[in-house]
There are 2 protein chains.
Amino acid sequence: MATRTAIIEQIYEDIRDKILKNEYTPGSKLSENSLSADYHCSRTPVREAIKRLEQDGFVTVLPQSGSYVKELTLKDYQHIAEVRTYLESLAFRLNCENEVDITPFSAILDAMDRCDMDNPNEVMTFSDLHFQFHLEMVKASGNEILLTTFNRLNLNTNSLLFYQRLSTQGKVQTQEEHRKILEFLEKRDATRGEKFMFAHLWRKRNAYKRSRV
Amino acid sequence: MATRTAIIEQIYEDIRDKILKNEYTPGSKLSENSLSADYHCSRTPVREAIKRLEQDGFVTVLPQSGSYVKELTLKDYQHIAEVRTYLESLAFRLNCENEVDITPFSAILDAMDRCDMDNPNEVMTFSDLHFQFHLEMVKASGNEILLTTFNRLNLNTNSLLFYQRLSTQGKVQTQEEHRKILEFLEKRDATRGEKFMFAHLWRKRNAYKRSRV
DNA sequence: AAGTTCAAACTAGCATACAAGTATCAGCAA
DNA sequence: TTGCTGATACTTGTATGCTAGTTTGAACTT
């Protein structure tokens, strides 16, 4: 049975995906009326979906006026990268403590290795898998609150965080780092592994910071 | 002008406060009908407030059945403490980078020093100031996303995190650590300061973990 | 022609009505 | 007495109507 309340969830995800895919561009308006027409439902579920999007930082609501897709600045990206760095460092530490199985992680890395970086489609796959890897790290931690916090962290950033290194060379370096992270995880070396994980992510943060000009 | 939409905000905060004050005990039901009667409004704003409470982890909504105040387990407290540790460590590092002024922090610590731990009221004040200190650390970082993330981190935990050390002895130790944190902050020693901040918070996390029996 | 004003149209906030799923409890059977 | 069943009352989910704030643009003034 698809529960009835799933309608809101569905609208939420659909709008969010369209924002992530840039079908709704930053600054564009999200009208309750037109959206309810699009989804063949009343304004109520649309309204609740928009409220959630606002909560999660995708949308800005101006009272009595309208809802607009939020524009993220480079500074926002930097801030998100900062928080992500720390959340994922925590995830790594917890995974060491819990002695998680690394085979699922290895599987993802293997799949990433098989991607041909001269094929745009596979570059996309590579990026998706890359995100999967990091998400899996958080999921495996067994800390639900950490996972929720991570998921809420405006995933707009995926594009910028992970669609960056497109070249075969970039792939090799990224993968080397990922393998090393897994090595530390296998050895349950929380201290050094966390340091490495931190550096892996913080570098990207610094890139945002520098590019502010 | 008090904007009209403030109604939802007001209901949200009121219910949240009542949950924090234990006026609504964990497991108890939050009926849209009775709440809308309490607040002399329709179900719509109440509904949106409850949806926000659900998002923020205070309430569990069972479809077509009802909303209930979430019961937090010791494990939840541990998980929250873990995430807080890392978020505040980040805050400390950013404050070092930004070379923030430490006087507001000192002021809070001074006020804490003046609390008489034999007077229950002042113990309460001490706890509030304690939370203020940590919140200020996050606010000063200038990372809005970090602040939002921190604020959402179910503040139920305050009671357990900060109402713990009630004795004069506990106060002294806590304050010593806080002063040391400020010293590191003043010296802009991100590396060692962050380590100390981490230890300061992680100890509490370990206390939760141990007490699981 | 440019700026201002005011009214009309549009937007979301809120109230209310109805639909549909869930829980409860009385009545019955074993 | 205990366990089951079914009807009823109650809950939230969704639709819709009305209100009030916001925006827009055309007419008017300067």
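Since the model is a prediction, treat every value here as computed from it, not as a measurement. Chain letters run A, B, ... following the sequence lines, proteins first and then strands; every chain starts at 1.
- With sequence neighbours excluded, no residue satisfies salt bridge (Lys or Arg N to Asp or Glu O under 4.0 Å) with B/Asp17.
- Of all the residues in residues 44-54 of chain B, B/Thr44, B/Pro45 reach under 4.0 Å from DNA chain C with at least one non-hydrogen atom.
- For residues 98-108 of chain A, there are no salt bridge (charged side-chain N to carboxylate O under 4.0 Å, His left out) pairs, not counting sequence neighbours.
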Item to check | Derivation of the salt bridge (charged side-chain N to carboxylate O under 4.0 Å, His left out) call for A/Arg52 and B/Glu54 | outcome: CA-CA 11 Å; A/Arg52 270 193 63 187; B/Glu54 184 196 12; over 6 Å; no
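- In this structure, the side chain to side chain contact (heavy atoms under 4.5 Å, CB included) partners of B/Lys29, at least two apart in sequence or on a different chain, are B/Tyr68.
- The nearest whole Å value for the distance from the CD1 atom in A/Ile7 to the P atom in D/dT14 is 5 Å.
- A/Ser42 has a side-chain polar atom (N or O) that falls below the 4.0 Å cut-off from OP1 or OP2 of D/dA15.
- Distance CD1 (A/Ile8) to P (D/dG13): 7 Å, rounded to an integer number of Å.
- The ring-ring contact (aromatic ring centres under 6.0 Å, His included) check on A/Tyr12 picks up nothing, with sequence neighbours excluded.
- Here the nucleotide nearest the side chain of A/Cys41, chosen from D/dT12, D/dA15, C/dC14, is D/dA15.
- Between the CZ atom of A/Arg43 and the P atom of C/dA17 there is a distance of 17 Å, given to the nearest Å.
- In terms of the side chain to side chain contact (heavy atoms under 4.5 Å, CB included) criterion, residue partners of B/Ser34 (sequence neighbours excluded) are, by chain and number, B/Ser31.
- Atoms OH (A/Tyr39) and P (D/dG13) sit 20 Å apart, rounded to a whole Å.
- Every side chain to side chain donor-acceptor pair (under 3.5 Å) that B/Arg47 has, sequence neighbours left out, goes to A/Glu48, B/Glu32.
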Between protein and nucleotides 7-11 of chain C, what N or O pairs are separated by less than 3.5 Å?
| from | atom 1 | to | atom 2 | distance (Å) |
| --- | --- | --- | --- | --- |
| C/dT11 | O3' | A/Ser65 | O | 3.3 |

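- For the pair B/His40 NE2 and C/dC14 P, the interatomic distance rounds to 16 Å; values are reported in whole Å.
- Listed by first and then second residue, the ring pair (Phe, Tyr, Trp, His ring centres under 6.0 Å) pairs involving residues 89-117 of chain A are A/Phe105-A/Phe133 (not counting sequence neighbours).
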